[in-house]
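If you're wondering where the values come from, they're calculated on a predicted model, not measured in any experiment. Start at 1 with the first residue, then count along the sequence.
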Amino acid sequence: MFIHFFKYQLKTLLRNRTVIFWTLVFPIILATFFNLAFSNLTSSENFDAVDVALVEKQENNGFKEILQSLDQDDNKLINLKITNLSDAKELLKDEKISGYYLIDSSIELIVNDSGINETILESIINEYLSLQSTINNIGSINPDIIYNNILNQLDLNQNHFKQIDIGKNTDSTVIYFYTLIGMNCLNASFCGLRANSQIEANLSRQGTRINISPISKLVTIISSLITSFIIQFSIMMVLMAYLVFGLKVNFGNQIGYIILLIAIGCFTGIALGNFTGNVLKFKNEDNKISFLSSFSLILSFFSGMMIMDIKYWIQNNLPIFSYLNPVNLITDGLYALYYYDNLNRYTTNMTCLFIIGLILLLGSLIIARRKQYDSI
């Protein structure tokens, strides 16, 4: 009997076009718009090394070594060409370089235009001249510093900051797709609400037939919740596949933890929808959907999806509320995977999210089992 009712519920939910649209079609459309917008944004942020030439009428090994050091590694700042003056002028005229350095009695930068590349080249020479002036001033005040070779032992380029890896992902636009996943997990509440309406005798003819049948009410509730979870989780997997393989969104190596978060998020969303359907006395399902949509929007607002400062204000002033907000827990769990190299914050968020879903589910089961009808 359980298998028969399970199949019945599965077919009924899959034929519900409203649920399928808002949980699958709409997120895919939104993700596509995200990709179209952010692909141009990220491509405009790519940096290309600046082409520059060096002309030496006099030797200046210090400046030459600095330029050569900037022309190394994969993240190099410049593409350096050492050439003569006539070739440098020709390259600049043909716009094959952004400018060239001329080392004579002094160091000069020759450019034809003003822009980002030219500003970078000017910053390099200004930094070098500033450092050279500092060394000369120190030497004029206390020549022993130069003679004792103290400056050579002092690494002026030493980095005194400790670098901490905040995650393998470097694309900031992935945060928007994380938010989309979190929001769609909460959309599982519509599926849970629909599953509850199908077994309520006063809400549908299907519910009437189910309640007069010899099937245990607990069996009907559990089977409807399982079918809702399977459908919503499958929808989320389709969405993830579209993001990863269709839009080529880089989620790094956190896919396994994201799938676990999706499962817990779908469970909590379904429990929220089912609990709402049992608590609210509206006979019209559309009124319950409207209430659930408004409630979700309020939770999303306080989680910082509209104004990020609200999220930080809640965390600083009402930290308990941030742990009671399912939307905040979902999005914060996704952010934790992105920003942190450990799972402490992620685990805390997922534990709180699961507990909330479990409390809602138990409350829904208690209320549903106590329901009685005067007439069917």
Side-chain angles (χ1 to χ4, degrees), residues 18-19 21-27 29-31 33-34 175-197 225 228-229 232 235-236 239 261-336 345-346 348-364 367:
T18 303
V19 172
F21 175 81
W22 288 111
T23 57
L24 178 61
V25 179
F26 178 73
I29 294 174
L30 193 58
F33 283 131
F34 278 171
I175 295 295
Y176 295 95
F177 294 99
Y178 278 171
T179 306
L180 176 63
I181 293 172
M183 293 177 65
N184 203 43
C185 281
L186 199 68
N187 285 344
S189 59
F190 297 108
C191 198
L193 178 64
R194 180 59 181 170
N196 176 77
S197 300
L225 291 175
S228 299
F229 178 83
Q232 185 63 31
I235 286 174
M236 290 301 302
L239 177 62
L261 182 146
I262 288 172
I264 299 175
C266 290
F267 165 75
T268 304
I270 291 169
L272 174 63
N274 200 266
F275 181 81
T276 302
N278 281 306
V279 171
L280 296 182
K281 303 301 181 181
F282 303 135
K283 291 187 177 181
N284 191 339
E285 185 181 348
D286 292 338
N287 293 333
K288 294 182 179 181
I289 292 176
S290 299
F291 173 83
L292 197 57
S293 300
S294 301
F295 184 67
S296 300
L297 276 175
I298 294 173
L299 294 181
S300 300
F301 174 78
F302 285 114
S303 67
M305 289 185 182
M306 293 83 170
I307 304 174
M308 186 59 67
D309 291 340
I310 296 294
K311 176 184 178 68
Y312 299 128
W313 186 90
I314 293 294
Q315 288 180 343
N316 292 329
N317 297 278
L318 297 172
I320 296 179
F321 180 73
S322 65
Y323 288 103
L324 296 176
N325 184 349
V327 181
N328 182 75
L329 292 173
I330 293 173
T331 56
D332 198 58
L334 293 168
Y335 292 157
R345 185 166 180 173
Y346 169 82
T348 301
N349 287 323
M350 292 304 97
T351 302
C352 294
L353 184 63
F354 180 77
I355 291 174
I356 291 174
L358 190 61
I359 293 174
L360 291 172
L361 179 60
L362 292 176
S364 180
I367 297 173

Quick check on side chain to side chain contact (heavy atoms under 4.5 Å, CB included): which of Ile264, Ile262, Thr268 does Cys266 satisfy it with? Ile262
Does a sphere of radius 6.0 Å around CZ in Phe295 hold more than 12 heavy atoms from other residues, nucleotides or ligands, not counting ones at 6.0 Å or beyond? no
Would you say the side chain of Tyr346 lies within less than 4.5 Å of the side chain of Leu261, judging by non-hydrogen atoms? yes
Test item: Phe321 and Asn328 side chains (from C-beta on) under 4.5 Å apart, heavy atoms: no
Separation of Ile310 CD1 from Trp313 CH2 (nearest 0.5 Å): 7.5 Å
Heavy-atom side-chain contact between Met350 and Leu353 under 4.5 Å: yes
Counting distance only, does the side-chain N/O of Thr276 pair as donor-acceptor with the main-chain N or O of Leu272 below 3.5 Å? yes
ring-ring contact (aromatic ring centres under 6.0 Å, His included) between Phe229 and Phe267, worked out: CA-CA 6 Å; Phe229 178 83; Phe267 165 75; 7.4 Å; no
Run the side chain to side chain contact (heavy atoms under 4.5 Å, CB included) test on Thr348 and Tyr323 for me, step by step, so that the C-alpha distance in whole Å, both residues' side-chain angles and the decisive distance to 0.1 Å come before the verdict. CA-CA 9 Å; Thr348 301; Tyr323 288 103; 4.0 Å; yes
For Phe302 and Val327, what are the C-alpha separation, side-chain angles and deciding distance, and is it a side chain to side chain contact (heavy atoms under 4.5 Å, CB included)? CA-CA 9 Å; Phe302 285 114; Val327 181; over 6 Å; no
If I take atom CG from residue Asn278 and atom OG from residue Ser364, how far apart are they, to the nearest 0.5 angstrom? 4.0 Å
In the structure I gave you, are the side-chain heavy atoms of Phe26 and Asn184 within less than 4.5 Å of one another anywhere? no
Ser228 and side chain to side chain contact (heavy atoms under 4.5 Å, CB included): which single residue from Ile270, Leu193, Asn274 fits? Ile270
So how far is it from Leu299 CG to Asn325 CG, rounded to the nearest 0.5 Å? 4.5 Å
